*Asks:* 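Dropping the structure in here first, questions after.
For clarity, every value in this text was computed on a predicted model and none was experimentally measured. Side chains included, hydrogens not; waters and symmetry mates left out as well; all remaining heavy atoms used.
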Number of protein chains: 2
Amino acid sequence: MKKQAISSSDKAFNALGDPTRRAIFEKLRVRPLAVVEIADGLPVSRPAVSQHLKVLKDARLIRVHREGTRNLCQIDTRGVLAMRNYLDNFWDIALAAFKQAAEKHKKHE
Amino acid sequence: MKKQAISSSDKAFNALGDPTRRAIFEKLRVRPLAVVEIADGLPVSRPAVSQHLKVLKDARLIRVHREGTRNLCQIDTRGVLAMRNYLDNFWDIALAAFKQAAEKHKKHE
DNA sequence: ACTTACCGTAAGTACAAACTTACCATTAAA
DNA sequence: TTTAATGGTAAGTTTGTACTTACGGTAAGT
C-alpha cells in the first residue's frame with residue numbers, strides 16, 4: 001500500500017467515522033468538558049478517551065487547553081468548516097452530474 | 001459488544017473515513033462509472049473495489065443499477081444530504097454554545 | 001455453443017486501530 | 001509535604017478491516 005496525501009477534511013472524516021469519537025464530539029457540542037467528564041458515561045476507559053481526543057485534536061475537530069489540573073476540550077470550528085466546505089463543493093459538482101443522470105434513470109426504479 | 005445505533009450519517013462518515021472510498025466517491029462526482037472503470041487507476045484490485053462499493057451503497061452514498069453486464073454507479077444524494085444536515089445542525093448548536101461561553105466570559109471580567 | 005467482458009462473493013491473510021492495565025507527571029489542596 | 005485529582009503515554013492484546021486470490025455467475029458478442 002502506498003501512502004497518500006491527507007487533507008484536513010480527510011482526517012476529519014476519518015475521525016468522525018469512529019462511533020466513540022462521534023459520541024465524544026457530540027458531548028462537546030453542548031459545552032466544553034474536561035477529559036474525565038468526557039470519559040464519564042462512555043463504555044471505554046479514560047486512557048482510551050485520551051487517545052481518541054488525540055485523533056480529534058489532530059483532525060482540528062477539538063481544541064484543548066490546560067486549566068489547573070484539568071484539560072478542557074471544546075469544539076474546533078476549523079475541522080467542522082473543512083468538512084462543510086468539502087461537502088458543499090462536492091454538492092455543486094455532483095448536482096450537475098446527478099441531474100444529467102436523472103434523465104436516463106427516470107424509467108428505472 | 002459496543003454495538004450501538006447507527007444513523008445514516010454515521011455510516012456515511014465511516015464510509016468516507018477510508019481514503020480508497022474517498023477516491024472512489026470523488027471519481028463518481030464527475031459522472032457515473034462502471035465498476036471496472038472505477039477500479040482502473042486505483043492501487044487496489046477490482047474485488048476490493050466491489051467491497052468498498054458495498055459499504056458506500058449501504059451508507060446511501062452511491063446508487064448502483066445494472067446496465068447490460070455493467071454495474072453503473074453514481075452518487076446518491078441522500079447520504080451527502082445526511083452529512084450536510086448533521087454538520088449544519090451541529091454548527092448551529094456549537095455556535096450557540098460559543099455565544100453562551102462568550103457571555104459568561106464577559107460577565108467575569 | 002463458445003468466448004469474452006463484467007462483477008459479486010468466499011476464504012484466508014496482514015496490517016491498522018481500538019482497547020486494556022500499569023505507570024508516571026503535574027497541579028491543587030490538606 | 002503529603003494526599004488526591006487529573007490525565008498523558010507505554011506496552012501488549014484483541015478486534016476490525018482492507019486486501020489478496022480463486023471461483024462462479026450472468027450478459028453480450030462471435
*Asks:* Looking only at heavy atoms, which two atoms of A:S9 and B:R22 are closest? And how far apart?
*Replies:* OG-NH2, 3.5 Å

*Asks:* Side chain of B:S50 only, please: which of D:dA18, C:dT9, D:dG7 is the nearest?
*Replies:* C:dT9

*Asks:* Under 3.5 Å, which protein N or O atoms sit close to an N or O of nucleotides 20-27 of chain C? Give each pair with its distance.
*Replies:*
residue: C:dT20; atom: OP2; partner: A:S45; partner atom: N; Å: 2.8
residue: C:dT20; atom: OP2; partner: A:S45; partner atom: OG; Å: 2.6
residue: C:dT20; atom: O4; partner: A:Q51; partner atom: NE2; Å: 3.2

*Asks:* If the threshold is 4.0 Å, N to carboxylate O, is there a salt bridge linking B:D88 and A:R84?
*Replies:* yes

*Asks:* Round to the nearest Å and state the distance from B:K54 atom NZ to D:dC19 atom P.
*Replies:* 15 Å

*Asks:* Between C:dA5 atom C1' and B:R70 atom CZ, what is the distance in whole Å?
*Replies:* 10 Å

*Asks:* Looking only at non-hydrogen atoms, find the nearest pair between A:A12 and A:G79 and report the distance.
*Replies:* CB-O, 4.3 Å

*Asks:* Within this structure, what is the CZ-to-P distance between A:R21 and D:dG16, rounded to whole angstrom?
*Replies:* 15 Å

*Asks:* D:dT30 pairs with which nucleotide, Watson-Crick or G-U wobble, both distances below 3.5 Å?
*Replies:* C:dA1

*Asks:* Only one of A:K27, A:R46, A:R70 passes salt bridge (Lys or Arg N to Asp or Glu O under 4.0 Å) with A:E37; say which it is.
*Replies:* A:R70

*Asks:* Pick the nucleotide of DNA chain C nearest each of B:V64 and A:H52; which residue has the one closer to the 5' end?
*Replies:* B:V64

*Asks:* If I take atom CG in residue A:L42 and atom C1' in nucleotide C:dA18, what distance separates them, rounded to the nearest angstrom?
*Replies:* 14 Å

*Asks:* Hey, could you give me the CG/CG distance between A:L28 and A:L56, rounded to the nearest 0.5 Å?
*Replies:* 8.0 Å

*Asks:* Rounded to the nearest Å, what distance is computed from the CD atom of residue A:E37 to the C1' atom of nucleotide D:dG7?
*Replies:* 13 Å

*Asks:* What's the shortest heavy-atom distance between B:L72 and B:A34, and which atoms?
*Replies:* CD2-N, 3.5 Å

*Asks:* Give the rounded distance in Å between these two atoms: CG of B:D58 and P of D:dA18.
*Replies:* 13 Å

*Asks:* Indicate whether OP1 or OP2 belonging to D:dG8 is found under 4.0 Å from a side-chain N or O atom of A:N71.
*Replies:* yes

*Asks:* Do we get A:R21 above B:F13's six-membered ring, with its NZ or CZ under 6.0 Å from the centre and within 45° of the axis?
*Replies:* no

*Asks:* May I have the distance from A:I38 (atom CD1) to D:dG7 (atom P), rounded to whole angstrom?
*Replies:* 8 Å

*Asks:* Using a heavy-atom cut-off of 4.0 Å across all strands, would you classify A:A39 as base, sugar-phosphate, or nothing?
*Replies:* nothing

*Asks:* Given atom CG of A:D18 and atom C1' of D:dG16, what is their separation to the nearest angstrom?
*Replies:* 11 Å

